[in-house]
Amino acid sequence: MGKQRLRQRFPAMDLNCDYFENNYYHDGYLLKEVTVGSMVKPCTDEDKPTLDELQRFRKRPKGPNDEDAPDENEGSKMAASLLDELTKLQESTGLGKVSSSSHGLLIGDTIEVIEGDLVGMRGKLMSMDGTTVKVKPNDTSLDLGGAGEIEFLASQVRKYIAVGAHVKVTDGRYANETGTAVA
């Protein structure tokens, strides 16, 4: 015999809901009464919130339809002050930005030449020194005169990502999104 769904009023609100297996559902969402203590994670000096948790409490600008929206709460004020402090630290140490001279390149990356006589050449990044990079070409048929590595300006190369490679966006609108390179 199948389980039955009943239509009942949710006790905490004046709302008719579906009652199934001792739970109330409204428009497909589970409604549940919980205590605030079971929801809020206490933050202490030893257990600071993560950056992801802080960003969830960012103050959102009020829109024209948000007249009844609550003002800033204590959590969003604390999150804003900690995010401001983190931003200042990143600016002072330079950790928050990728250096413009390296263009986000790391030693061992596969790169592609985009300027100069060897446009289209791919190789492995062997070393970086300020504005210059040394690349070991993937094509062994190139005559390098026994050097083995070619030096380029960092602005003349870019990271090469093969079609089908699994990638993760690290900055911008789609930060933390993952996917497959298609072109």
Side-chain angles (χ1 to χ4, degrees), residues 27-30 39-41 43 46-63 65-66 69 72-73 75-183:
D27 291 336
Y29 291 99
L30 171 67
M39 292 177 20
V40 176
K41 173 184 157 192
C43 293
E46 298 87 37
D47 185 29
K48 295 195 185 261
T50 64
L51 182 60
D52 185 44
E53 291 171 332
L54 290 173
Q55 288 177 336
R56 289 182 193 171
F57 282 100
R58 261 194 201 159
K59 184 178 177 187
R60 294 187 195 115
K62 286 187 178 182
N65 298 332
D66 293 339
E72 264 191 295
N73 60 24
S76 63
K77 288 178 186 175
M78 184 173 114
S81 68
L82 287 172
L83 284 170
D84 290 342
E85 186 178 329
L86 179 63
T87 302
K88 288 177 189 173
L89 276 170
Q90 285 178 332
E91 288 172 356
S92 66
T93 60
L95 292 175
K97 304 177 238 174
V98 175
S99 139
S100 61
S101 63
S102 69
H103 299 285
L105 297 174
L106 298 172
I107 293 175
D109 282 347
T110 300
I111 59 94
E112 180 176 32
V113 179
I114 56 172
E115 281 182 20
D117 295 337
L118 297 173
V119 170
M121 182 196 85
R122 294 185 190 135
K124 183 175 180 180
L125 184 62
M126 302 307 285
S127 66
M128 295 186 296
D129 182 28
T131 59
T132 61
V133 296
K134 287 188 179 180
V135 178
K136 181 178 180 181
N138 289 346
D139 187 4
T140 56
S141 66
L142 284 175
D143 181 22
L144 304 175
E149 295 177 353
I150 305 172
E151 194 168 304
F152 295 98
L153 292 174
S155 61
Q156 292 179 312
V157 297
R158 67 176 173 200
K159 184 180 279 193
Y160 174 76
I161 301 171
V163 173
H166 187 74
V167 295
K168 180 176 182 179
V169 179
T170 58
D171 193 21
R173 180 178 177 192
Y174 298 104
N176 296 325
E177 294 286 328
T178 59
T180 304
V182 293

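We're numbering straight along the sequence, starting at 1.
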dist Asp129:CG -> Thr131:OG1 (nearest 0.5 Å) comes out at 7.5 Å
Any heavy-atom pair between the side chains of Val135 and Glu151 that's under 4.5 Å?
no
Rounding to 0.5 Å, atoms CD (Glu112) and CD (Gln156) come to a distance of 13.5 Å
Exercise. If we only count heavy atoms from C-beta on, is the Ile107 to Met126 side-chain gap below 4.5 Å?
Worked result: no
So Ile161 and Val167, do their side chains get closer than 4.5 Å, heavy atoms only? yes
Between the CD atom in Glu149 and the NZ atom in Lys124, the distance rounded to the nearest 0.5 Å is 10.5 Å
Tightest non-hydrogen contact, residues Pro137 and Gly148, listed as CD-O, 3.6 Å
Scanning both residues in full, the closest heavy-atom pair of Val133 with Leu153 reads CG2-O, 4.4 Å
For residues Val119 and Ile114, determine if any side-chain heavy atom of one lies less than 4.5 Å from a side-chain heavy atom of the other.
no
Q | Leu105 side chain near Val157 side chain, heavy-atom distance below 4.5 Å | A | yes
When Lys159, Lys136, Arg122 are each screened for salt bridge (Lys or Arg N to Asp or Glu O under 4.0 Å) with Asp109, the one that passes is Lys159
Any side-chain heavy-atom pair of Asn138 and Thr110 under 4.5 Å:
yes
To the nearest 0.5 Å, atom OH of Tyr160 lies from atom CD1 of Ile111 at 12.0 Å
So CE of Met121 and CZ of Phe152: to nearest 0.5 Å the spacing works out to 4.0 Å
Pairs of donor and acceptor atoms involving the side chains of residues 169-181, under 3.5 Å and at least two apart or interchain, shall be tabulated with distances.
none

